[in-house]
Visitor: 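Here it is, the structure in full.
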Amino acid sequence: MNNVFVFDHPLIQHKISLLRDKNTSAKEFRELVSEISMLMGYEVTRDIPLKEVEIETPIGHARTKVISGKKLAFVPILRAGLGMVDGLLKLVPMARVGHIGLYRDHDTLEPVEYYCKLPEDISERDVVVLDPMLATGGSGCDAVNALKKRQVKSIKFVCLIASRQGIERLHREHPDVVIYCAAVDETLNDDGYIVPGLGDAGDRLFGTK
């Protein structure tokens, strides 16, 4: 699959297995989502540009590298995407955070936007959209549409589990968006949930039904 990075790191795969387990508590689920997001963040941020600087160590002078000031924003899709934010902010604490609120119409399975709050300079930032699940692809496509309407040029999509249908739809509508995920599942059920997936990520994060 072009423009898809699937993580095969043993730690990520182990934690994804725990995440899928129906007996995992809400507390453990939240911790796992944050931990996996942070581990995935190393690859997601690999292309952040660097600049060379000179510093003084306790022993002498050194030419070394630091992040060049590239502007980054994390944009979780509410509400499940909130669970991924803290893990990534631990890696890039200077990043700004926007929010896009979407809910899924239970009849059409299509997303409906009800909230969008983004940094004022969002068009100047590299944006990472966060959502634990890429199922039908509807929410992901709508979130990317909302960002492109605001002239965002660089967008990545980070999820924990994706369906093949979701990947195909996001790539069909937005072929420029790179998708990062920890697992790809084959199918969706009649309710639009990924099979075997992990259930409703939002409900499992926040202990709701």
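Predicted model only: the values in this text are computed from it and were never measured.
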Visitor: With rounding to the nearest 0.5 angstrom, report the CZ to CG distance, Arg150 to Asn145.
Guide: 11.0 Å
Visitor: Between the main-chain N or O of Gln151 and the side-chain N or O of Lys153, is there a donor-acceptor pair closer than 3.5 Å?
Guide: yes
Visitor: Can you spot which of Arg30, Lys15, Lys90 makes a salt bridge (charged side-chain N to carboxylate O under 4.0 Å, His left out) with Glu35?
Guide: Lys15
Visitor: What's the verdict on side-chain hydrogen bond (donor to acceptor under 3.5 Å, both in side chains) for Asp203 and Thr208, showing C-alpha distance, side-chain angles and the deciding distance?
Guide: CA-CA 5 Å; Asp203 284 345; Thr208 56; 2.7 Å; yes
Visitor: Are any non-hydrogen side-chain atoms of Arg204 and Val33 less than 4.5 angstrom apart?
Guide: no
Visitor: Is Ile161 close to Leu134 at the side-chain level, that is, under 4.5 Å between some pair of heavy atoms?
Guide: no
Visitor: Considering residues at least two apart in sequence or located in another chain, which fulfil the side chain to side chain contact (heavy atoms under 4.5 Å, CB included) criterion with Lys71?
Guide: Asp121, Glu124, Arg125
Visitor: Got a sec, which residues hit salt bridge (charged side-chain N to carboxylate O under 4.0 Å, His left out) with Glu56, two or more places apart in sequence or on another chain?
Guide: none
Visitor: Any salt bridge between Glu52 and Lys65, counting N to O under 4.0 Å?
Guide: no
Visitor: Keeping the roles fixed (side chain from Asp21, backbone from Asn23), state whether a donor-acceptor pair exists under 3.5 Å.
Guide: yes
Visitor: Search all heavy atoms of Gly197 against all heavy atoms of Met133 and return the closest pair with its distance.
Guide: CA-CE, 4.4 Å
Visitor: Linking I/L/V/M/F/W/Y whenever any side-chain heavy atoms sit under 4.5 Å apart, do Leu19 and Val195 land together?
Guide: no
Visitor: Compare every heavy atom of Arg20 with every heavy atom of Leu198, then report the nearest pair and how far apart it is.
Guide: CB-CA, 3.9 Å
Visitor: Which ILVMFWY residues can you reach from Val53 by hopping between side chains whose heavy atoms are under 4.5 Å apart?
Guide: Ile55, Val66
Visitor: Once you round to the nearest 0.5 Å, how far does CG of Leu32 lie from OG of Ser17?
Guide: 10.5 Å
Visitor: Ion pair present between Glu173 and Arg169, side-chain N to carboxylate O less than 4.0 angstrom?
Guide: yes
Visitor: Mark yes when over 12 heavy atoms from residues, nucleotides or ligands other than Arg96 sit less than 6.0 Å from its CZ; otherwise mark no.
Guide: no
Visitor: Can you name the one residue among Asn3, Asp47, Asp126 that meets side chain to side chain donor-acceptor pair (under 3.5 Å) with Lys156?
Guide: Asp47
Visitor: With a 4.5 Å heavy-atom cut-off, do Val92 and Met94 have their side chains touching?
Guide: yes
Visitor: Should we count CZ of Arg63 as having more than 12 external heavy atoms under 6.0 Å?
Guide: yes
Visitor: Assess whether a salt bridge exists between Lys148 and Asp176, defined as any Lys/Arg side-chain N lying under 4.0 Å from an Asp/Glu carboxylate O.
Guide: yes
Visitor: If I take atom CZ from residue Phe7 and atom CD from residue Glu43, how far apart are they, to the nearest 0.5 angstrom?
Guide: 5.5 Å
Visitor: If you compare all heavy atoms of Gly192 against all heavy atoms of Ala135, which two are closest, and at what distance to 0.1 Å?
Guide: O-CB, 3.5 Å
Visitor: Can you tell me if Ser34 and Glu31 form a side-chain donor-acceptor pair at under 3.5 Å?
Guide: no
Visitor: I'd like to know if the side chain of Ser163 and the backbone of Gly166 have a donor-acceptor N/O pair within less than 3.5 Å.
Guide: yes
Visitor: Side-chain heavy atoms under 4.5 angstrom apart, residues restricted to Ile, Leu, Val, Met, Phe, Trp, Tyr: same cluster for Tyr193 and Leu188?
Guide: no
Visitor: Is any side-chain heavy atom of Leu160 closer than 4.5 Å to one of Met84?
Guide: yes
Visitor: Hey, could you give me the SG/CG distance between Cys141 and Leu102, rounded to the nearest 0.5 Å?
Guide: 11.0 Å
Visitor: Do Phe5 and Ile179 have side chains that get closer than 4.5 Å, going by heavy atoms?
Guide: no
Visitor: Under 4.5 Å between any side-chain heavy atoms of Ile100 and Leu147, yes or no?
Guide: yes
Visitor: Give the minimum heavy-atom separation between Ala162 and Ile194, together with the two atoms involved.
Guide: C-CD1, 4.1 Å
Visitor: Locate the shortest heavy-atom distance separating Pro76 from Val85; write the atom from each residue and the value.
Guide: CG-CG2, 3.6 Å
Visitor: Could you walk me through whether Arg79 and Asp131 satisfy the salt bridge (charged side-chain N to carboxylate O under 4.0 Å, His left out) test, starting with their C-alpha distance in whole Å, then the side-chain angles of each, then the deciding distance to 0.1 Å, before giving a yes or no?
Guide: CA-CA 9 Å; Arg79 62 189 164 135; Asp131 197 357; over 6 Å; no
Visitor: How close do Gln13 and Ala182 get, heavy atom to heavy atom, and via which atoms?
Guide: NE2-O, 2.9 Å
